[in-house]
Amino acid sequence: MTQPVIETIGLSKVYGGRAAVDALNLRIGEGDIYGFLGPNGAGKTTTIRMLLGLIRPSEGTVSILGKDLRKHKLEVLRQVGSLVEYPSYYGHLSAEDNLEAIRRILDVPSSRIAEVLDIVSLTKEARRAVRGYSLGMKQRLGIAAALLGSPRLLILDEPTNGLDPSGIHEIRELIKDMPRQRGITVLVSSHLLGEVEQMAGTVGIIRQGRMVFQDTIDNLRTQALQGMRLVVSDPDKALALAETEGWEGTLRHGVLLFPALTDSDTAKLIRMLVEWGHDIYRVEEQRRSLEELFMQMVGKDVS
Ligand SMILES: Nc1ncnc2c1ncn2[C@@H]1O[C@H](COP(=O)(O)OP(=O)(O)OP(=O)(O)O)[C@@H](O)[C@H]1O
């Protein structure tokens, strides 16, 4: 893996003797969209606040773009755009004027305002007072503000919270374009796997402040694989044959069940059955839904 854009080692935050974040080793690669997941209270916002230097870790280190955050705070944070909880605006001012106020602080060229409004598709609404904006438009304006300083890393804390499905879709499409079109790495937190599943390349799942899974979304999908179901012409004989060849299977309601097999093992098993004269009617993967797997990882029952 190339140098990570974010790397934390043993990152912890203790409040009143209780660890809100507990020895977190977060690793986010360049150009990735990292879905940071966990139920309410798992410690996502606390982690993000530490990544942005808003609160001090009780223990551990944060390195962003190869630099220690504590030692190079200003230099590092100049390259990071963020949206944490609901952004606050001057409601009576337009989007343009709100962005102008931030632009002056960041000291970036005026032309940046039109650019970021275009990225978040708010050009047409740019002169309207922000108090008349929908929640989705406000969130997009928040992302525009986060982009003003041309960051290399964007950190978004639950940007789709409270949005309707079309608002969620808009934000998702916006985020998806960030690495591809603008070379920006994104960390996006959510308490719903379904919201980040379609855009994240990597997911980090936390539960009670601890990382319980951190890997690619493809590897998460592999974990959801439970086994293989085979419907064949003579299941009893087919199972007996498979067992003599060392496969461990079971028979339930006339369907053969095998544990999760690799592609080559699946091919071998089927070839053997066919060679022995069995007709194969169906080969199906048995999977838990990703949501089920996620709920299990974060310790919630699926009802
Ligand atoms: N300033 C604080 N003082 C004391 N406890 C805190 C403080 N901030 C957070 N906590 C506690 O730390 C834990 C993690 O909270 P955090 O807000 O980071 O979770 P989260 O995953 O972001 O959840 P949510 O989605 O609800 O924002 C919670 O138990 C919370 O009550």
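Ligands are counted one by one from 1 in listed order, and the atoms in each one are counted from 1 as well.
The pair E100-R104 meets the salt-bridge criterion, with a side-chain N (NZ, NE, NH1 or NH2) lying under 4.0 Å from an Asp/Glu carboxylate O. A salt bridge does not link E195 with R172: none of the charged nitrogens is closer than 4.0 Å to a carboxylate oxygen. Look at K44 and E158 and you find a salt bridge, because one of the NZ, NE, NH1 or NH2 atoms lies within 4.0 Å of a carboxylate O, short of that distance. A salt bridge does not link E96 with R128: none of the charged nitrogens is closer than 4.0 Å to a carboxylate oxygen.
Atoms of ligand 1 lying under 4.0 Å from at least one heavy atom of P39, given by number and element, are 21 (O). Near T46, with a cut-off below 4.0 Å to any heavy atom, the atoms of ligand 1 are 9 (C), 14 (C), 15 (O), 16 (P), 18 (O). Atoms of ligand 1 lying under 4.0 Å from at least one heavy atom of N40, given by number and element, are 23 (O), 24 (P), 25 (O), 26 (O). Of all the atoms in ligand 1, the ones that sit under 4.0 Å from a non-hydrogen atom of A42 are 19 (O), 20 (P), 21 (O). Of all the atoms in ligand 1, the ones that sit under 4.0 Å from a non-hydrogen atom of T45 are 17 (O), 18 (O), 20 (P), 22 (O), 27 (O). Residue-ligand proximity, R18 to ligand 1, at heavy-atom distances under 4.0 Å covers atoms 29 (O). Residue K44 approaches ligand 1 through these ligand atoms, each under 4.0 Å from one of its heavy atoms: 18 (O), 19 (O), 20 (P), 21 (O), 22 (O), 23 (O), 25 (O). Applying the 4.0 Å criterion to heavy atoms of A20 picks out, from ligand 1, the atoms 12 (O), 13 (C).
In terms of protein heavy atoms, atom 28 (C) of ligand 1 is closest to G41 O, 3.8 Å. The closest protein non-hydrogen atom to atom 3 (N) of ligand 1 is Y15 CD2, 3.5 Å. Protein heavy atom in closest approach to atom 19 (O) of ligand 1: G43 N, 3.1 Å.
For the residue pair D32 and T202, a side-chain donor N or O sits within less than 3.5 Å of a side-chain acceptor on the partner.
Under the 4.5 Å side-chain criterion, counting only non-hydrogen atoms from C-beta, V62 is not in contact with R70. Counting only heavy atoms from C-beta outward, the side chains of M50 and R56 never approach each other to under 4.5 Å.
The protein does not reach atom 30 (C) of ligand 1 closely, with no heavy atom under 4.0 angstrom from it.
No part of H191 comes within 4.0 Å of ligand 1, judged by heavy-atom distances. When heavy-atom distances to ligand 1 are checked against a 4.0 Å cut-off, S189 has no atom that comes that close, whether in backbone or side chain.
In terms of modelled atom types and a separation under 3.5 Å, the side chain of Y89 and the main chain of G142 share a donor-acceptor contact. A donor-acceptor pair under 3.5 Å links the side-chain atoms of S12 to the main chain of G10, judged by distance alone. Formation of a donor-acceptor pair under 3.5 Å by the R287 side chain with backbone atoms of Q223 is not found in this model.
The shell of residues lying under 4.0 angstrom from ligand 1, judged by heavy atoms, excludes G38. Contact analysis leaves K13 out of contact with ligand 1, as no non-hydrogen atom separation drops below 4.0 angstrom.
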